[in-house]
Amino acid sequence: MFPFRDAAGRPDTPTARTATVVASGGIDCDNRHMGDSEPDLIRTSASANFLEWNFSIMSGGPWSVEQGMTQLLAHESAEGLSLPLAVAVQSDARVIQELGRRRTPTAVAALRAFQAMSPVDTQRDLARLNADRLVAEGQPEPSWTDTLGRVRVDGCWWAHDEFGETAILLCAFSYDGDDPHGILMLIDRTLGGGMVRELTLSMDVDALRGILGGADGGGEGIVSEPLDPAYARRLIEDAIATSDELSENPEYKLRPLPQAYRKMRALTLARARALSPAAAPPEPFPGNVEVELLKRNFLDSDAASGLPRTGATTRAVDLLVAHFVEQAACHPLQLGPRRVQAVLGLSSLGPEAVGDPDVVHVLPEVARAWISWTATERGLSVEATKQLERVAEQACATLGAAASEEAASDGGVASDGEAAGDPRG
């Protein structure tokens with residue numbers, strides 16, 4: 001049986017209830033919300049019944065509750081099919097409101113679990129308000145209310161590459177030494193805030209530290225070190241936000257997220273909130289003025305000294321930088337091999353999409369020069385610079401081949417017909 005205590009702190013063990021008994025409150029006019037259909041109301045009541053039933057048979061302390069609730073919040077069927085996140089959020093909001101109408105200990109328990117585990121700020125607040133009201137009316141609190149989610153951070157480490165494209169995070173937690181556990185996350189930071197590529201929960205934290213240490217010695221320029229918890233929170237939250245957005249958008253054809261992603265999503269976000277009261281602020285993204293200054297500094301640099309001083313060069317720089325900022329959602333200086341390959345391989349940089357033969361002709365050389373310049377500006381190591389330039393050479397060669405094919409199909413070799421001079425006009 002699930003342990004509860006009443007408002008005075010006295011133990012109170014409810015009699016076992018089946019889902020049918022739990023549903024005794026039924027659906028009446030007070031349950032209806034503007035725009036809810038009869039099927040929506042039936043599904044909401046059934047979901048609330050299921051939650052109450054789970055909490056009526058659940059046993060153990062806060063760690064057991066969290067493991068169970070994160071799976072319930074996944075909205076995933078036995079076949080691995082998941083509700084779209086937007087639909088799941090709406091469903092949870094309705095269930096929280098329905099639970100708030102049920103004067104039962106299991107409704108309070110489910111609401112306290114929502115309060116600790118829901119990924120949505122407003123839903124955590126809504127669950128708290130409903131649970132507080134039910135307790136004030138005399139319903140007992142679960143014995144774990146004061147400890148649920150209040151974990152101790154036992155350590156935070158990461159392994160990362162020099163380019164800022166790969167991050168492997170390990171955060172360890174416990175309930176004051178009990179129920180130790182760690183979350184290991186591999187983030188591909190090529191796009192925006194990053195995509196979650198691996199997500200592992202284990203009670204063997206030492207084994208996870210061994211995995212992290214192995215990445216350090218992999219010979220790919222990965223280094224491991226302690227990680228500031230506030231920065232870890234930002235990395236986790238940004239990666240989950242980006243993964244959610246891109247995976248739910250049918251326009252993107254992405255590798256599937258890890259199999260455990262949905263089932264661990266709520267727990268991972270709850271642990272991110274436990275790392276620090278607030279996430280570290282994001283690195284400043286360049287505004288229009290800063291981007292224009294970067295482009296001018298580049299054109300005045302030694303790296304660009306071999307480029308033709310024409311308007312086509314300027315337009316090629318504008319096009320290239322816009323793709324890094326808008327398509328890869330990255331700072332145009334923060335380039336790595338994967339970002340370079342991803343952006344230079346976009347069809348929107350192909351001859352037909354560009355539509356300007358002079359820009360098409362000079363674009364490969366502009367890209368080579370820009371990438372080399374960014375390595376110097378960032379102070380990358382010699383080895384990292386060579387790796388970046390090798391990838392850039394391959395990608396730019398592909399761009400150049402496409403430009404040559406386009407020129408041949410037009411009956412001649414592409415050339416920039418504009419007068420030489422200051423590319424800034």
Side-chain angles (χ1 to χ4, degrees), residues 62-63 66-67 69-70 73-74 85 89 113-125 127-128 147-161 164-176 179-202 205 208-209 211-212 215 223-247 257-258 260-285 329-331 334:
W63 177 226
E66 289 182 299
Q67 291 180 83
M69 192 63 181
T70 193
L73 287 169
L85 286 171
V89 167
F114 268 114
Q115 176 185 339
M117 299 288 293
S118 173
V120 182
D121 294 351
T122 54
Q123 290 187 1
R124 294 196 298 275
D125 290 339
R128 175 181 55 79
T147 54
L148 185 64
R150 298 177 185 273
V151 290
R152 184 180 73 195
V153 180
D154 291 330
C156 204
W157 309 268
W158 72 326
H160 57 94
D161 66 342
E165 291 188 324
T166 298
I168 309 171
L169 279 63
L170 171 58
C171 300
F173 309 90
S174 70
Y175 278 95
D176 288 329
D179 299 315
H181 54 281
I183 293 177
L184 185 73
M185 177 184 283
L186 169 61
I187 305 173
D188 178 354
R189 304 180 69 196
T190 304
L191 291 175
M195 290 290 293
V196 178
R197 295 304 185 195
E198 299 288 344
L199 188 58
T200 302
L201 169 69
S202 176
V205 177
L208 294 180
R209 292 201 67 178
I211 294 173
L212 190 70
V223 295
S224 61
E225 57 189 341
L227 178 61
D228 173 51
Y231 188 56
R233 175 174 177 173
R234 184 172 70 76
L235 290 175
I236 292 169
E237 291 180 338
D238 286 355
I240 289 181
T242 302
S243 299
D244 288 347
E245 179 183 357
L246 298 186
S247 65
L257 292 173
Y261 179 78
R262 282 292 288 263
K263 288 184 178 179
M264 284 188 58
R265 179 173 173 271
L267 177 63
T268 302
L269 286 170
R271 287 297 177 268
R273 294 191 295 273
L275 285 169
S276 174
E283 287 92 353
F285 205 74
C330 73
H331 192 297
Q334 306 297 318

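As the structure is a computational prediction, the values presented were derived from the model and not from experiment.
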* To do: Only counting residues at least two apart or in another chain, list the ones meeting ring-ring contact (aromatic ring centres under 6.0 Å, His included) with Y231.
  => W158

* **Listed partners of D121 passing salt bridge (charged side-chain N to carboxylate O under 4.0 Å, His left out), at least two apart** => R124

* Contacts of H181 that satisfy side chain to side chain donor-acceptor pair (under 3.5 Å) - sequence neighbours left out -> R271

* Sequence neighbours left out, what pairs pass salt bridge (Lys or Arg N to Asp or Glu O under 4.0 Å) with at least one residue falling in residues 189-201? => D188-R197

* Partner residues of D244 under the side chain to side chain donor-acceptor pair (under 3.5 Å) criterion, sequence neighbours left out -> Y261, R265

* **Results of side-chain contact (heavy atoms from CB on, under 4.5 Å) for I211 - residues two or more places apart only** => L184, L208

* Structure fact -> Across all chains, not counting sequence neighbours, the side-chain contact (heavy atoms from CB on, under 4.5 Å) partners of R209 are W157, L170, V205

* To do: List in chain and number order the residues that pass side-chain contact (heavy atoms from CB on, under 4.5 Å) with A116, two or more places apart in sequence or in another chain; answer none if no residue qualifies.
  => L148

* To do: Using salt bridge (charged side-chain N to carboxylate O under 4.0 Å, His left out) as the criterion, list what pairs up with E165, not counting sequence neighbours.
  => none

* Asked: Residues two or more places apart in sequence or in another chain: which of them pass salt bridge (charged side-chain N to carboxylate O under 4.0 Å, His left out) with R152?
  -> D154

* Asked: Partners of A230 by side-chain contact (heavy atoms from CB on, under 4.5 Å), sequence neighbours excluded?
  -> D228, S276, A280

* Structure fact -> Those residues at least two apart in sequence (or on a different chain) that pass salt bridge (charged side-chain N to carboxylate O under 4.0 Å, His left out) with E225 are none

